[in-house]
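Take a look at the structure below.
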Amino acid sequence: MGGRARAPPRRGARGRIGSINTHGTAREHGTFAYGISIGTPHQRKGYAGDAIVILLRYMFFERRFQKAEAWVYASNDASLALHRRLGFVEEGRRRRSHYHAGRYDDEVLFGMTIEEFTERYA
C-alpha cells in the first residue's frame with residue numbers, strides 16, 4: 001500500500017470490483033501463486049496493486065510462506081508493468097503456452113521473496 005490509503009468504492013449496482021485468489025500452494029517449500037482479475041470499469045485505479053500487497057502481507061507474515069509467484073500473459077502490458085512496479089522479479093517465460101483469439105501468447109513468470117517484500121513494504 002506504500003503509504004497510500006484508498007477508500008473502497010461503493011458496491012451498489014455495479015457489483016464487485018474483481019477477485020484475487022491463491023493456488024499452487026506448496027507448504028513444504030513455502031511457495032504459492034496467485035491470480036487476480038479486476039473488472040474493466042475499475043482497472044488502472046490502483047485496486048490490483050493494493051489487493052496484491054494485502055495478499056502478500058497476509059501470506060508472508062500470517063501464513064509464513066516465503067515466496068510468491070505470478071504468471072502474466074506477455075500481451076498484458078498493464079499487468080507486466082504492475083508486477084515490475086510492485087517489485088516482482090521476472091524469473092522465466094513459457095513460450096506460446098496460451099491460445100486465445102486466434103493467436104498464441106507467452107506466459108511470463110514473476111516471483112517475489114519475503115525478503116524482497118519486507119525490504120520494499122515493511
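All values below were derived from every heavy atom in this structure, side-chain atoms included, with hydrogens, water molecules and symmetry-related copies excluded.
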Q.
If hydrophobic clusters are built from ILVMFWY residues whose side chains come within less than 4.5 Å, do Tyr58 and Ile36 share one?
A. yes
(Q) Measuring from atom CD1 of Ile52 to atom OG of Ser79, what distance do you get when rounded to the nearest 0.5 angstrom? (A) 6.5 Å
Q: Any side-chain hydrogen bond (donor to acceptor under 3.5 Å, both in side chains) involving residues 84-100? Give me the pairs, sequence neighbours left out, ordered by first then second residue.
A: Lys67-Glu91, Tyr73-His98, Arg84-Glu90, Arg93-Asp106, Arg94-Glu107, Ser97-Glu107
**Q.** Matching residue for Leu56 among Phe61, Phe32, Tyr121 - test: side-chain contact (heavy atoms from CB on, under 4.5 Å)
**A.** Phe32
Q. Which atom names give the shortest non-hydrogen contact between Ser75 and Arg103, and what distance separates them?
A. CB-NH2, 2.9 Å
**Q.** Approximate separation, where rounding is to 0.5 Å, of Phe117 CZ and Met112 CE
**A.** 7.5 Å
Q) What is the distance from atom OG1 of Thr113 to atom CZ of Phe88, rounded to the nearest 0.5 Å? A) 10.0 Å
Q: Using the rule that two of Ile, Leu, Val, Met, Phe, Trp, Tyr join whenever any of their side-chain heavy atoms come within less than 4.5 Å, decide whether Val53 and Leu55 are in one cluster.
A: yes
Q.
Within the 4.5 Å heavy-atom criterion, are Arg63 and Arg27 side-chain neighbours or not?
A. yes
**Q.** Results of side-chain hydrogen bond (donor to acceptor under 3.5 Å, both in side chains) for Gln43 - residues two or more places apart only
**A.** none
Q. Which value, rounded to the nearest 0.5 Å, describes the distance between Leu86 atom CG and Glu116 atom CD?
A. 12.5 Å
(Q) Does Tyr104 have more than 12 heavy atoms from other residues, nucleotides or ligands lying within 6.0 Å of its OH? (A) no
Q | Heavy-atom pair with the smallest gap, counting every atom of Leu80 and Ala74 | A | CD1-O, 3.3 Å
Q.
Assigning hydrophobic clusters by single linkage (Ile, Leu, Val, Met, Phe, Trp, Tyr; side-chain heavy-atom cutoff under 4.5 Å), is Ile20 placed with Ile17?
A. yes
Q) Which distance, rounded to the nearest 0.5 Å, do you find between the CG of Leu82 and the CZ of Arg44? A) 10.0 Å
Q. So, the side chain of Glu62 versus the backbone of Arg57: is there a donor-acceptor pair under 3.5 Å, distance only?
A. no
Q: Could you grab the distance from atom CG of Asn21 to atom OH of Tyr34, nearest 0.5 Å is fine?
A: 11.0 Å
Q: Name the orientation class of the two ring planes belonging to Phe110 and His83 (parallel below 30°, tilted from 30 to 60°, perpendicular beyond 60°).
A: parallel
